[in-house]
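Worth saying up front: this structure is predicted, and the values here are computed from it rather than measured.
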Amino acid sequence: MTLHRDKSYEVVEHSLVHGDVTFSDCKGNDKLHYEVSSPYFKVNNDGSLVALRNITAVGKTLFVHAQTPHAEDMAELVIVGGKDIRGSLQDIFKFERTSPVPRQKRSIVVSPILIPENQRQPFPRDVGKVVDSDRPEGSKFRLTGKGVDQEPKGIFRINENTGSVSVTRNLDRETIATYQLLVETIDVNGRTLEGPVPLEVIVIDQNDNRPIFQEGPYIGHVMEGSPTGTTVMRMTAFDADDPATDNALLRYNIRQQTPDRPSPNMFYIDPEKGDIVTVVSPALLDRETLENPKYELIIEAQDMAGLDVGLTGTATATIMIDDKNDHSPKFTKKEFQATVEEGAVGVIVNLTVEDKDDPTTGAWRAAYTIINGNPGQSFEIHTNPQTNEGMLSVVKPLDYEISAFHTLLIKVENEDPLVPDVSYGPSSTATVHITVLDVNEGPVFHPDPMMVTKQEHISVGSVLLTVNATDPDSLQHQTIRYSVYKDPAGWLNINPINGTVDTTAVLDRESPFVHNSVYTALFLAIDSGNPPATGTGTLLITLEDVNDNAPFIYPTVAEVCDDAKNLSVVILGASDKDLHPNTDPFKFEIHKPTVPDKVWKISKINNTHALVSLLQNLNKANYHLPIMVTDSGKPPMTNITDLRVQVCSCKNSKVDCNTAGAPHFSTTAVLLLSFFSLACL
């Protein structure tokens, strides 16, 4: 490779020094490419430099970078005088020789340096030059900034004598696109003489990054039957190269479509925007006739505006042809048959339908409605979510004797509405004929439960009631017999022929088999069918209370100290198993025939309690005091109960009842008798 060039073009006052620039890679300069450091110039294929706009060229340095697949090099052009110019180099140099040339004393002339990224060895290599035509003898150039003496350090350096700037290694534009450096001249002692002046280093982009699709997966949906040109989705790729160059100028195309039927070109992608649109007629986008409603497209993005030299990246676009409700559901037959036993409930028949739409959508899912033949709401129909069948059920038991046949009219629709040009036809309705089978039903008691109220203690053999049961099978003319099913206390008997219920024992309201004054028994009614059927009836007997229970007292034992100052012995309570008014108020008395006067006293506290007390202290011993308590029933009932009173010795906080023949209780135990016993003082 050879590069023949003058070191610079100079316009100095009214003289022009110039030469020819010729690049050769020794292999024919195939695919020769030029780049200029200034955006205001370009190099044509024949090597001519063209100014693109009016500029002031004073103080401008241009670099022309030439490159082929086999070699590359750079030439420098320094314009140190001139005026606003536009045109080719030939025009640039045809300025009036009388034009004044501005002069600047000690002016450091710098121009942006353009360096292609990814350069190959050798390094270091010169990439630009700083000019100071009036630099004092002995002065030096100094370069500073990021990339020199700041991180990343050591990338650039300057020849302190000539001002030549060199790069020490290859650059990556995608890491750092520009470097902002400072140039100054210094004396031998390092003092700044002139500057600093900014020096921009621009890294020229190379096409070293492939387009990348970053946002996948790419899934698009389009409704079947959509018009030609319907936009499905947009796919865009990213290229890390310079967006201002063709290196990042992307073009899109579809490399492959799977499946390729009914047309290998079902879709088109906008090469610039990446929009994927349909290109076939709506008739070809019929989901029900497609081999597969899912298409996969291999999308390619290529930089360099799609030229063959561009780099490529690919991604897969998945396009789903979505279903619309363009097919109504149809029954597989016009009439369905079902049989059901009377009294049974549950599903009796499954109604089948066909629908060509997508089974995963509401355009396929069926909704059934009974539109005739169900006045008693005995039937319901629901959709089987797996099979889409209509499950017709009996929800209220049917009676053969009332109706042996039922006819239902049922329609089917989709969850989603049909498209405007499709409607439900005759095939969307069906008739169901239901036959009810007769079964031997058990007799039914009327009423159930049966209720009766009687006084307790009525005489044995008393008639309580006559039960009544009828056979629902009115057409079979069967007879009914009765029997006792559950009689917890064994109090009842039933006539098997006429159903008369009488007592076999005394009815006691206070029995443990009676709850809240109600006694419950169950009876059976059995018909004469083959096999016989049984019905169960419940009898609730409410027992009215009579005063048949005497009251009783509590407690029946008490203690008192022989030297107690408080002569109260015990508070007695009374209770009665009967109900009001056969209970309280109770009357408390001491049964005097066996008790001496002036020793004991009983006083009423309230309707249910009385206080027993001493009229004098007694010796240590056991005493039996007969207490008579009478309820308020008519006639009243009285009970006499012995209250055993233990008179104990109470000294030094110790209670001694041994001499009295009673169990020993500590003072604490005596106090724990609480409401019903008297503590020693």
Side-chain angles (χ1 to χ4, degrees), residues 213 215-235 254 256-267 269 275-299 315-333 336 347 349-371 380-393 410-430:
F213 290 91
E215 300 175 358
Y218 296 91
I219 301 176
H221 294 263
V222 61
M223 189 68 69
E224 65 171 329
S226 294
T228 303
T230 298
T231 300
V232 180
M233 60 191 299
R234 171 173 288 186
M235 290 185 64
I254 300 175
Q256 180 180 334
Q257 171 191 300
T258 306
D260 59 359
R261 290 186 296 274
S263 168
N265 300 304
M266 299 285 289
F267 306 94
I269 188 168
D275 289 340
I276 299 176
V277 299
T278 62
V279 294
V280 295
S281 66
L284 290 181
L285 276 181
D286 184 0
R287 185 189 173 282
E288 287 72 38
T289 62
L290 293 176
E291 175 184 329
N292 189 337
K294 180 175 76 172
Y295 286 86
E296 290 189 348
L297 308 180
I298 304 300
I299 305 299
T316 299
T318 301
I319 299 177
M320 305 298 300
I321 310 301
D322 291 339
D323 187 37
K324 64 180 179 180
N325 198 7
D326 55 351
H327 294 86
S328 62
K330 298 178 180 180
F331 283 103
T332 57
K333 51 186 179 181
F336 294 84
V347 177
V349 66
N350 290 316
L351 309 183
T352 53
V353 295
E354 294 178 344
D355 195 317
K356 295 181 180 180
D357 290 313
D358 184 358
T360 63
T361 67
W364 178 82
R365 291 190 292 270
Y368 298 87
T369 306
I370 302 173
I371 58 177
E380 288 183 357
I381 189 166
H382 301 281
T383 304
N384 186 316
Q386 281 73 43
T387 64
N388 216 30
E389 295 176 345
M391 301 182 296
L392 181 63
S393 303
I410 297 177
K411 73 174 181 179
V412 62
E413 297 177 337
N414 289 131
E415 290 183 2
D416 292 348
L418 295 172
V419 295
D421 55 341
V422 178
S423 61
Y424 294 103
S427 297
S428 296
T429 59

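The closest donor-acceptor contact from the side chain of T316 to the backbone of Y218 lies at 3.5 Å or more, if one exists at all. Checked by atom type and distance alone, the side chain of Q257 pairs as donor or acceptor with a backbone atom of M266 at under 3.5 Å. Under the 3.5 Å distance criterion, the side-chain polar atoms of D357 are left unmatched by any main-chain donor or acceptor of N325. The closest donor-acceptor contact from the side chain of N384 to the backbone of T387 lies under 3.5 Å. With T231 contributing its side chain and M233 its backbone, the two residues share no donor-acceptor pair below 3.5 Å. When atom types are taken as modelled, the side chain of T352 and the backbone of T332 share no donor-acceptor pair closer than 3.5 angstrom. Formation of a donor-acceptor pair under 3.5 Å by the Y368 side chain with backbone atoms of H382 is not found in this model. A donor-acceptor pair is defined here as one N or O able to donate and one able to accept, closer than 3.5 Å; no such pair exists between the side chain of T278 and the backbone of V280.
For the pair D275 and R234, the tightest heavy-atom approach, listed with the atom from each and the gap, is OD1-NE, 2.5 Å. Nearest approach of K356 to R287, heavy atoms of both residues: O-NH1, 4.5 Å. The minimum heavy-atom distance between F336 and L351, with the atom names listed, is CG-CD2, 3.5 Å. Between S328 and S423, the shortest heavy-atom contact is OG-O, 3.8 Å. Minimum heavy-atom separation, T228 to S281: OG1-CA, 3.6 Å. Nearest heavy-atom pair, S393 versus V347, reported as atom, atom and distance to 0.1 Å: OG-CG2, 3.3 Å.
Checking K294, E288, E224 one by one against I321, the side chain to side chain contact (heavy atoms under 4.5 Å, CB included) holds for a single residue, E224.
Note that the OG1 atom of T230 and the CG atom of L285 stand 8.0 Å from one another [nearest 0.5 Å]. Atom CD1 of I319 is separated from atom OH of Y295 by 10.0 Å, given to the nearest 0.5 angstrom. Between L418 atom CG and S428 atom OG the span is 8.0 Å, to the nearest 0.5 Å. The structure places OG1 of T429 at 7.5 Å from CZ of F331, a figure rounded to the nearest 0.5 Å. Interatomic distance, CD1 of I276 versus CD1 of I269, reported as 4.5 Å (0.5 Å rounding). Between the OG1 atom of T318 and the CG atom of L297 there is a distance of 8.0 Å, given to the nearest 0.5 Å.
W364 places none of its side-chain heavy atoms less than 4.5 Å from the side chain of P329.
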Original post:
How far apart are the C-alpha atoms of N265 and S263, what are their side-chain angles, what is the distance that settles it, and do they pass the side-chain hydrogen bond (donor to acceptor under 3.5 Å, both in side chains) test?
Top reply: CA-CA 5 Å; N265 300 304; S263 168; 5.1 Å; no
Subject >> Test log, rule side-chain hydrogen bond (donor to acceptor under 3.5 Å, both in side chains), inputs D355 and N388 >> reply: CA-CA 9 Å; D355 195 317; N388 216 30; 5.7 Å; no
Original post:
After noting the C-alpha distance and the side-chain angles of E354 and K330, does the key distance pass the salt bridge (charged side-chain N to carboxylate O under 4.0 Å, His left out) rule?
Top reply: CA-CA 5 Å; E354 294 178 344; K330 298 178 180 180; over 6 Å; no
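Annotation: salt bridge (Lys or Arg N to Asp or Glu O under 4.0 Å) contacts involving residues 315-325, sequence neighbours excluded, are absent.
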